[in-house]
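Given the structure is predicted, the values throughout are model-derived calculations rather than measurements. In listed order, ligands and their atoms are each counted from 1. Sequential numbering from 1 along the given sequence is applied to the chain's residues.
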Amino acid sequence: MEVVIGPAPELGRLAADAIALLLRAQPDAVLGLATGSSPLVVYDELARRHDEEGLSFARARAFMLDEYVGLEEDHPERYRNVIDKDIATRVDLAPGAVQGPDGLAKDLVVACRAYEEAIAAVGGVDLQILGIGTDGHIAFNEPGSSLASRTRIKTLTRQTREDNARFFDGDVDKVPTHCLTQGLATIMSARHIVLLATGRGKAEAVHQLVEGPVSAMWPATILQHHPHVTVLVDDAAASRLQLADYYRETYLAKPAWQGL
Ligand code: GLP
């Protein structure tokens, strides 16, 4: 696991570099897209490179991590609409290139299975962008999630609903109680995982993710078992890392040609 500590815009540029490099080598790459505020610096940078430098997503495919259950088609906080607004419509992703779990499906169990099959059918995700919840969840895999889980329905914790209430007029009761989410094993199947976290509120989750024991209580800790994870954090999110100085020295000494 590589930890890079820096200011948010720099983290966005690093993640965008990795995506741009991937798309140049493999224009039909499969990207994993996350919602939330953390990936916005990456999406802003990708949109800028698309506008100003011709970075093209025309042949790329993308899969979302998760979706609320039951939010109507045109609800602005439906993750499908959030992803369209934050990234898909800002670049040249082809119509239909982005897929997400169907939180409005009549049969949610069938929808989850179909989603796993759709990811497998394109050969899996090449690069997954991730955020992390204050309780250590990734996608919507809340504490207690099976470390071997696949896409399924989950109940959101009170903490997550309170964290996300800011997107629902500050009213926790408007935040759905259920979601469909890629499982931890689904996420672990991605070939490169780039996780972003900023702000002091994420410091404990980042400490557990990087330095804590692997445990379903902090679901992100499963990433310690992945061979290629990049953790991009600002000073505040890094403030509880025991080996922060070591991570800084290691990154400073890293040859530029290595990339992420
Ligand atoms: C939600 C999303 C996660 C995201 C988390 C943190 O719960 N399902 O994918 O990582 O929020 O969001 P933010 O980056 O806004 O703090």
### Summary
In Ile129, Ile87, Val82, Asn164, the residue satisfying side chain to side chain contact (heavy atoms under 4.5 Å, CB included) with Thr35 is Val82
### Task
Scan side-chain atoms only and decide if Gln26 and Asp126 contain a donor-acceptor pair under the 3.5 Å cut-off.
yes
### Query
Just checking, any donor-acceptor pair under 3.5 angstrom between side chains of Glu77 and Asn81?
no
#### Entry: The single option from Leu195, Ile193, Val194 passing side chain to side chain contact (heavy atoms under 4.5 Å, CB included) against Gln128
Ile193
### Message
Quiz question: by atom type and distance under 3.5 Å, do the side chains of Thr160 and Glu142 form a donor-acceptor pair?
### Response
yes
For ligand 1, run through the N/O pairs with the protein that fall under 3.5 Å and put one pair on each line.
residue  : atom   : partner : partner atom : Å
ligand 1 : 7 (O)  : His137  : NE2          : 2.8
ligand 1 : 8 (N)  : Asp66   : OD2          : 2.8
ligand 1 : 8 (N)  : Tyr79   : OH           : 3.4
ligand 1 : 8 (N)  : Ala139  : O            : 3.3
ligand 1 : 10 (O) : Ile132  : N            : 3.3
ligand 1 : 14 (O) : Ser37   : N            : 3.2
ligand 1 : 14 (O) : Ser38   : N            : 2.9
ligand 1 : 14 (O) : Ser38   : OG           : 2.5
ligand 1 : 15 (O) : Ser37   : N            : 2.7
ligand 1 : 15 (O) : Ser37   : OG           : 2.6
ligand 1 : 15 (O) : Arg166  : NH2          : 3.0
ligand 1 : 16 (O) : Lys202  : NZ           : 2.6

Compile the donor-acceptor pairs under 3.5 Å between side chains in residues 113-125 and protein atoms, sequence neighbours left out, one pair per line.
residue : atom : partner : partner atom : Å
Tyr115  : OH   : Met64   : N            : 3.0
Tyr115  : OH   : Met64   : O            : 2.5
Tyr115  : OH   : Gln99   : O            : 3.2
Glu116  : OE1  : Arg150  : NH1          : 3.2
Glu116  : OE2  : Thr151  : N            : 2.8
Glu116  : OE2  : Thr151  : OG1          : 2.7
Glu116  : OE2  : Thr186  : OG1          : 2.6

